[in-house]
*Asks:* 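My questions all concern the structure below.
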Amino acid sequence: MLGDVVLLMVLVFVGLWFWQLRQMAEASERHAKRACNSQNLQLLAVALQRARPAFGGNSGLSWCGSYLFEFSTDGVNRLQATMTLHGQTLLGIDWPVFPEPEWQHAPESKRRSCCG
């Protein structure tokens, strides 16, 4: 009888942590979309890189996760950035160096050079 109660508590505990991990995955998708929209980029994919249990946040126990997301500046290339979340809170995004989308369509200079 006591073993059944302990097993039930463990299953509820694991289920709650899985639910928190799913909430964090949905938050990472929202953060990636918002970050790409603010930079005029096309979001291609979001994937969990690693997650570990962490203390803090609203519930005391939560997840700290690193997500890899792919984006494109012109619809052809694929670049990767990494974002870190604690629960559903975005801690930061590590962007690679990439050309700004507006720069690719900048007009060329009409000025002549002195070298010919």
*Asks:* Starting from Leu7, walk the hydrophobic network (Ile, Leu, Val, Met, Phe, Trp, Tyr; side-chain heavy atoms closer than 4.5 Å) and list everyone else you reach, by chain and number.
*Replies:*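 Same cluster as Leu7: Leu11.
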*Asks:* With a 4.5 Å cut-off on side-chain heavy atoms, are Met24 and Gln20 touching?
*Replies:*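 Not in contact.
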*Asks:* Distance from Cys36 atom SG to Leu44 atom CG, nearest 0.5 Å?
*Replies:*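 So the SG of Cys36 and the CG of Leu44 are separated by 8.0 Å.
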*Asks:* Is a side-chain donor or acceptor of Thr82 paired with a backbone partner of Leu68 at a separation under 3.5 angstrom?
*Replies:*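 Pair absent, no side-chain N/O of Thr82 close to backbone of Leu68.
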*Asks:* Under a single-linkage definition using a 4.5 Å side-chain heavy-atom cutoff for Ile, Leu, Val, Met, Phe, Trp and Tyr, are Met83 and Trp95 assigned to the same hydrophobic cluster?
*Replies:*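 Per the 4.5 Å side-chain linkage, Met83 and Trp95 are co-clustered.
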*Asks:* Treat each ILVMFWY residue as a node, draw an edge where side-chain heavy atoms are under 4.5 Å apart, and state whether Leu85 and Ile93 are in one component.
*Replies:*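 Yes; tracing contacts between hydrophobic side chains, which count when under 4.5 Å, links both residues.
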*Asks:* Out of curiosity, Phe71 CZ to Gln80 CD, how far, rounded to the nearest 0.5 Å?
*Replies:*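 Here the interatomic distance stands at 9.0 Å.
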*Asks:* With rounding to the nearest 0.5 Å, note down the distance linking CG in Leu48 to OH in Tyr67.
*Replies:*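 Output value for this atom pair is 4.5 Å.
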*Asks:* Please give the remaining members of the hydrophobic cluster of Val76, linking ILVMFWY side chains under 4.5 Å, ordered by chain and number.
*Replies:*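 Besides Val76, the cluster holds no residue at all.
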*Asks:* So, His31 side chain and Gln88 main chain: donor-acceptor pair closer than 3.5 Å or not?
*Replies:*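 Checked: pair present.
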*Asks:* Between Trp63 and Phe18, is the gap from one ring center to the other below 6.0 Å?
*Replies:*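 No, too far apart.
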*Asks:* Give, for atom CD of Gln42 and atom OG1 of Thr73, the distance between the pair rounded to the nearest 0.5 Å.
*Replies:*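 The distance works out to 9.5 Å.
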*Asks:* At what distance, to the nearest 0.5 angstrom, does CE of Met9 lie from CG of Asp4?
*Replies:*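 Going from the CE atom of Met9 to the CG atom of Asp4 covers 13.0 Å.
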*Asks:* Applying side-chain contact (heavy atoms from CB on, under 4.5 Å), run through Leu43 and Glu29 and close with a yes or a no.
*Replies:* CA-CA 9 Å; Leu43 178 64; Glu29 184 85 22; 4.0 Å; yes
